[in-house]
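Note that this is a predicted model, so its numbers are computed, not measured. Per chain, numbering begins at 1; letters A, B, ... match sequence-line order.
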Amino acid sequence: MASFSTSQPLSLPRHPTFSNPKQPTTNNERSRHTISLIDRCSNLRQLKQIHAQMVRTGLLFDDPYSASKLFAISALSPFASLDYACKVFDQIPQPNSFTWNTLIRAHASGPDPARSILVFLDMVSDSQFGPNKYTFPFLIKAASEVSSSSLGRSLHGMAIKSSVGCDVFVANSLIHCYFSCGDLDSACKVFTTIQEKDVVSWNSMITGFVQKGSPDKALELFKKMESEEDVKASHVTMVGVLSACAKTQNLEFGKRVCRYIEENRVSVNLTLANAMLDMYTKCGSIEDAKRLFDAMEERDNVTWTTMLDGYAILEDYEAAREVLNSMPKKDIVAWNALISAYEQNGKPNEALLVFHELQLQKNIKLNQITLVSTLSACAQVGALELGRWIHSYIKKHGIRLNFYVTSALIHMYSKCGDLEKAREVFSSVEKRDVFVWSAMIGGLAMHGCGNEALDMFYKMQEANVKPNGVTFTNVFCACSHSGLVDEAESLFRDMESSYGIVPEDKHYACIVDVLGRSGYLEKAVKFIEAMPIPPSASVWGALLGACKIHANLSLAEMACTRLLELEPRNDGAHVLLSNIYAKSGKWESVSELRKHMRVTGLKKEPGCSSIEIDGTIHEFLSGDNEHPMCEKVYGKLNEVMERLKENGYEPEMSQVLQIIDEEEMKEQSLNLHSEKLAICYGLISTEAPKAIRVIKNLRVCGDCHSVAKLISQLYDREIIVRDRYRFHHFRNGQCSCNDFW
DNA sequence: GTAGGGTTAG
């Protein structure tokens, strides 16, 4: 096929006055010749040359066909420019139906799909043309793009009135539209009304179900489609079906689909090959994936990223890294895949290392997904300074605070101990979805602002945002940390009946925690007995935790037994029970339990506290001698302890009583607790009035809690400690938890 | 004398 090189002069039809004998002379010939030239254009520059000639010769104004051809190419071709196309459109004296439809079509898939509706209104008022069967699919596409079901329904009605409601193209667009708006019922209704369903009708249904979280229904439909003889599956069908297999992790069916593709000679393009690859990786069959990957003749970044993700699913980070390294053109999506793999598998430090490496890359721009994953990693490790840096990066680069970014910022600030900043972000946005509200409620919960969290919960409903399961978890958590028993109980009762949310295991655990913490142990047990689902380890864990607070030995033994039946290697449960035994003076049981732990090789997770100084996270283990500054830290610790004792501090020996054997003596020795070391390091490395922020992996111990209160008073420093469950703000000798934790 | 709907990864 002939194509232009930019240096070649264009042979254009001349105006009759200047025509040479070889050039076409009649209008009809000029029109055909111009159309064939337009068809051969490969860039906007060539198109503009033809445009200029058409203006000069007047063809643009006289010949609707070549004019609409010029316009269609300028609006829809791979080198299209919508702005330019609109200018061309304005020059056409009397656009015909085709031209109007093309403009609507171009807008529908452009940056502002709603404009196509405005164009449609112009067409109805300014031209003699009404919408036809071609118009509706474009308009409906625009409705899908903006996810407006009311618009979709209006167009549906208009299509019926215009007698094209039964057109299969119109119906298929409607199916797609209703799915994008989440109106699955209407989509199904349209589908059943189509007399002669074609492959696209089926595909729209299959992919609709896959994308709206019902992959099982998609597979069912595919089986039904297979049994109907008149429609043959296409490669698009296969992409949808494979995606359903990936989502349901149905490797067996996935493999059958791959065989089907071979046997039925379905054409395998890159998209379909990638979908096959995705199915293999999501179903955990990395061998099949690797075989396919090696055999693929063409690969794009989707291929590479799918492979990377496949290794990340298996937590083979080295292999995942290897894939990233081998990528010919690394893009932000691939980097994001590695960062979020680490972040979501509890490896936030590794995620942050990858993020730092990414920042050194040239020509790769961070996007919202990068920021969300990294903020989440910051939240996990308490990297407030990096979190702040990302926030200013967002402001500096004018990155839009969408719901994800907003929630991630609120979550990061809350988990890093800066509740005020979290509140600021929350108030700064105009629109909030359920995740934004839930993040704020969760933040208030972990900082012990129970009543405020409940207020938020009601404000959220005033704003017409429906709570979800996460919202309830956070609300119950808030009740638990603030002892709001009645409120939690009543909300739990309403959860299903008024809010339509079926309580899950974590909600039951929360309520057990609320009841147990406040001392209603019997009530908590009755609550567990009445559960409609089998109680999980976290339910028993909540009861066990309450037994420790209220020193209920017999109940603790029961809860612990049940917990260990479900999670035999739960080190926390062993330690908790042993501490309860110790508190009750049952030393024989203690040593038995500890012996059992030694024999089974079960180790207590070592206490670890971290503190961020100038963007670097410093970690301290109990009795740590690893930190380069440890001598100074211990020096400071001695000085602090002396000063505290002078002011009436007495170590809480009940905490020491839990020491079991020699080896643990060192770790458990009160003065060596990791949170004390981290706080002392904070005292040395920062100046007042800067708050000292410490993050501990376990619960803060009672003695450390008292010490932190005293330090906050005697040294006039705000100390903020995040433990496994919540925050403690120490100020002027008081803690925000009111010693209730 | 032009045309239209459905496609994977984060």
> Which listed nucleotide (dT8(B), dG6(B), dG4(B)) is nearest to the side chain of V302(A)?
Replying inline: dT8(B)

> Can a donor-acceptor pair be found between the side chains of T237(A) and S234(A) at a distance below 3.5 Å?
Replying inline: yes

> Listed in order of residue number, which residues of residues 186-220 of chain A have a non-hydrogen atom at under 4.0 Å from DNA chain B?
Replying inline: D198(A), V200(A), N203(A), S204(A), T207(A), Q211(A)

> V372(A) versus I369(A): any side-chain heavy-atom pair under 4.5 Å?
Replying inline: no

> Roughly how far, to the nearest 0.5 Å, is CG of D63(A) from OG1 of T34(A)?
Replying inline: 7.5 Å

>> Please classify the nucleic acid contact of R32(A) as base, sugar-phosphate, or nothing, using heavy-atom distances under 4.0 Å.
In response: nothing

> How would you list all residue pairs meeting side-chain hydrogen bond (donor to acceptor under 3.5 Å, both in side chains) that involve residues 71-84 of chain A, not counting sequence neighbours?
Replying inline: H51(A)-Y84(A)

> If you measure from the ring centre of F169(A) to the centre of the six-membered ring in the base of dG4(B), is it under 5.5 Å, with the planes under 30° apart?
Replying inline: yes

> Picking from dA9(B), dT7(B), dG4(B), which would you name as closest to the side chain of R105(A)?
Replying inline: dG4(B)

> Which of the following nucleotides, dG4(B), dG6(B), dT8(B), is nearest to the side chain of N274(A)?
Replying inline: dT8(B)

> Contact class for N101(A) vs. all strands (heavy atom < 4.0 Å): base, sugar-phosphate, or nothing?
Replying inline: base

> With stacking defined as ring centroids separated by under 5.5 Å and planes differing by under 30°, is F138(A) stacked against dG4(B)?
Replying inline: no

>> Taking any heavy-atom pair under 4.0 Å as a contact, classify S340(A): base, sugar-phosphate, or nothing.
In response: sugar-phosphate

> Is any side-chain heavy atom of K189(A) less than 4.5 Å from a side-chain heavy atom of T193(A)?
Replying inline: no

> Rounded to whole angstroms, how far apart are CG on L270(A) and C1' on dA9(B)?
Replying inline: 11 Å

> Is F98(A) stacked on the base of dA3(B), meaning ring centres closer than 5.5 Å and planes within 30 degrees of each other?
Replying inline: no

> Are side-chain heavy atoms of D167(A) and F136(A) found at a separation under 4.5 Å?
Replying inline: no

> Which residues within residues 147-166 of chain A lie with some heavy atom under 4.0 Å of an atom in DNA chain B?
Replying inline: none

> What is the nucleic acid contact for V168(A), judged by heavy atoms within less than 4.0 Å: base, sugar-phosphate only, or nothing?
Replying inline: base

>> So, using side chain to side chain donor-acceptor pair (under 3.5 Å) as the criterion, who are the partners of T135(A) when residues are at least two apart?
In response: N101(A), N132(A)

> What nucleotide among dG4(B), dG1(B), dT8(B) has an atom nearest to a side-chain atom of S31(A)?
Replying inline: dG1(B)

> In whole angstrom, what separates F293(A)'s CZ from dT8(B)'s P?
Replying inline: 20 Å

> Does the ring centre of W202(A) sit less than 6.0 Å away from the ring centre of F222(A)?
Replying inline: no

>> Between P on dG4(B) and NE2 on H107(A), what's the gap in Å once rounded to a whole number?
In response: 18 Å

> Checking only heavy atoms, does the side chain of N96(A) share a donor-acceptor pair with the base of dT2(B) at less than 3.5 Å?
Replying inline: yes

> Rounding to a whole Å, what distance do you find between D331(A):CG and dG10(B):C1'?
Replying inline: 9 Å

> Can you tell me how far P of dT2(B) sits from CD1 of I92(A), to the nearest Å?
Replying inline: 17 Å

> Tell me: CZ of F355(A) to C1' of dG10(B), nearest whole Å?
Replying inline: 16 Å

> With a non-hydrogen cut-off below 4.0 angstrom, is I140(A) in contact with a base, only sugar-phosphate, or nothing?
Replying inline: nothing

Would you be so kind as to tabulate the donor-acceptor pairs closer than 3.5 Å made by side chains of residues 256-273 of chain A, with sequence neighbours excluded?
{"unit_1": "N264(A)", "atom_1": "ND2", "unit_2": "Y260(A)", "atom_2": "O", "d": "3.0"}
{"unit_1": "N269(A)", "atom_1": "OD1", "unit_2": "T271(A)", "atom_2": "N", "d": "3.3"}
{"unit_1": "N269(A)", "atom_1": "OD1", "unit_2": "L272(A)", "atom_2": "N", "d": "2.9"}

>> What I want to check is whether an N or O donor and acceptor connect the side chain of S234(A) with the base of dG6(B) at under 3.5 Å.
In response: yes

>> Under the rule for ring pair (Phe, Tyr, Trp, His ring centres under 6.0 Å), what residues qualify as partners of F179(A), not counting sequence neighbours?
In response: F209(A)

> What's the CG-P distance between L272(A) and dT7(B), to the nearest Å?
Replying inline: 14 Å

> Can the ring centroids of W100(A) and F120(A) be said to lie less than 6.0 angstrom from one another?
Replying inline: no

>> Of the listed nucleotides (dG10(B), dG1(B), dT2(B)), which one gets closest to any side-chain atom of N28(A)?
In response: dG1(B)

> Over how many whole Å does the gap from M279(A) atom CE to dA9(B) atom C1' extend?
Replying inline: 15 Å

> What about D167(A): does its side chain form a donor-acceptor pair under 3.5 Å with the base of dG4(B)?
Replying inline: yes

>> Measuring from the side chain of D309(A) (C-beta onward, heavy atoms only), which nucleotide among dT2(B), dG4(B), dA9(B) has the closest atom?
In response: dA9(B)

>> What contact category does S173(A) fall into here, base, sugar-phosphate, or nothing, at under 4.0 angstrom with non-hydrogen atoms?
In response: sugar-phosphate

